[in-house]
Novice: 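Would you mind keeping the following structure in view while I ask a few things?
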Amino acid sequence: MTARNAPARVDLIAGVFVVILGMAGLVESLRMPRFEARGIDPNTAPGVTPGLISAALLIFGLTLTLRAIRGGGTGSGITIHAWDRGAVLRTALTISLALLYGMLLFGSLPFVPATAAFIFAFVVATELANPDRALSVPALLAGAAALALAAAFGIQLIFEEIFLVRLPG
């Protein structure tokens with residue numbers, strides 16, 4: 001394979017993966033309860049938002065896959081092989097913290113403390129890994145704490161008051 005074909009191949013693999021992810025999410029969102037027997041508005045069913053996000057993923061994945069098959073590309077020449085050490089570190093931090101949140105914190109602790117802890121750890125870890133960080137450590141910690149609390153309470157408010165979804169805790 002030539003270097004010229006590498007971006008199309010990466011796009012093809014990524015596109016197929018996103019198509020599969022979108023289809024799986026769409027199928028599972030359609031399987032979620034709709035509560036029609038209780039006379040609840042179908043627009044408030046728990047599967048609506050995941051279904052819309054999954055449909056968007058499916059469309060974007062198909063677009064990427066078709067573009068890769070046609071041999072198109074962004075023309076930027078950027079491939080997954082061009083990642084620098086900082087990008088790899090931030091990606092590993094993101095995946096690790098998301099797994100920690102999803103597998104250990106979410107559902108084990110009340111929603112607001114678990115989510116605030118995740119957001120705080122994510123902001124601090126990724127900023128400390130950023131070589132171009134301009135904030136001092138105390139300013140970073142204060143800003144991360146404020147963001148974590150505002151986001152956690154805001155997310156809980158939106159889900160419980162707008163989407164009518166009760167969160168753990």
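Treat the numbers as computed from the prediction; the structure is a model and nothing was measured.
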Novice: Would you say that L140 contacts L128 through its side chain, given a criterion of any heavy-atom pair below 4.5 Å between the two side chains?
Specialist: yes
Novice: Heavy atoms only: give me the nearest V18-L57 pair and the separation to one decimal.
Specialist: CG1-O, 3.2 Å
Novice: Does F106 have any side-chain contact (heavy atoms from CB on, under 4.5 Å) partners at least two apart in sequence or in another chain, and if so, which?
Specialist: Y101, F111, P168
Novice: Where do L97 and A125 come nearest, in terms of heavy atoms and distance?
Specialist: CD1-CB, 4.2 Å
Novice: Quick check for you: to the nearest 0.5 Å, what is the distance between L12 atom CG and R67 atom CZ?
Specialist: 11.5 Å
Novice: Got a sec, which pairs hit salt bridge (charged side-chain N to carboxylate O under 4.0 Å, His left out) with one end in residues 113-128, sequence neighbours left out?
Specialist: none
Novice: Would you name the heavy atoms of A152 and I119 that are closest together and state the gap between them?
Specialist: N-CD1, 4.4 Å
Novice: Treating Ile, Leu, Val, Met, Phe, Trp and Tyr as nodes and any side-chain heavy-atom pair under 4.5 angstrom as an edge, say whether V112 and L147 lie in one connected cluster.
Specialist: yes
Novice: Could you check T49, L26, L21 and say which one makes a side-chain contact (heavy atoms from CB on, under 4.5 Å) with S54?
Specialist: L26
Novice: Under the salt bridge (charged side-chain N to carboxylate O under 4.0 Å, His left out) rule, what pairs show up with a residue in residues 19-32, not counting sequence neighbours?
Specialist: E28-R31
Novice: Check whether any side-chain heavy atom of T65 sits under 4.5 Å from a side-chain heavy atom of V19, and report yes or no.
Specialist: yes
Novice: When rounded to the nearest 0.5 angstrom, what distance separates CG in L66 from CG in L62?
Specialist: 6.0 Å
Novice: Pair T126, F122 - check side-chain contact (heavy atoms from CB on, under 4.5 Å), show working.
Specialist: CA-CA 6 Å; T126 55; F122 178 81; 3.9 Å; yes
Novice: Using the test side-chain contact (heavy atoms from CB on, under 4.5 Å), find all partners of I13 that sit at least two apart in sequence or belong to another chain.
Specialist: R9
Novice: Among residues at least two apart in sequence or on other chains, which ones pass side-chain contact (heavy atoms from CB on, under 4.5 Å) with R166?
Specialist: E160
Novice: Let me check something: do F118 and I95 share a hydrophobic cluster, defined by ILVMFWY side-chain heavy atoms less than 4.5 Å apart, either directly or through other members?
Specialist: no
Novice: Who pairs with S136 by side-chain contact (heavy atoms from CB on, under 4.5 Å), at least two apart in sequence or on another chain?
Specialist: P138, A139
Novice: Using the rule that two of Ile, Leu, Val, Met, Phe, Trp, Tyr join whenever any of their side-chain heavy atoms come within less than 4.5 Å, decide whether L104 and L167 are in one cluster.
Specialist: yes
Novice: When you group the ILVMFWY residues by side-chain heavy-atom contacts below 4.5 Å and let the links chain together, are F153 and F159 in the same group?
Specialist: yes
Novice: State plainly whether one hydrophobic cluster holds both F60 and V16, where clusters connect Ile, Leu, Val, Met, Phe, Trp and Tyr through side-chain heavy atoms under 4.5 angstrom apart.
Specialist: no
Novice: Heavy atoms only: give me the nearest V124-A144 pair and the separation to one decimal.
Specialist: CG2-CB, 3.7 Å
Novice: Ignoring hydrogens, what is the shortest heavy-atom contact between G47 and S29? Give both atom names and the distance.
Specialist: O-CB, 3.5 Å
Novice: Hey, could you give me the CG/CD1 distance between L58 and I53, rounded to the nearest 0.5 Å?
Specialist: 14.0 Å
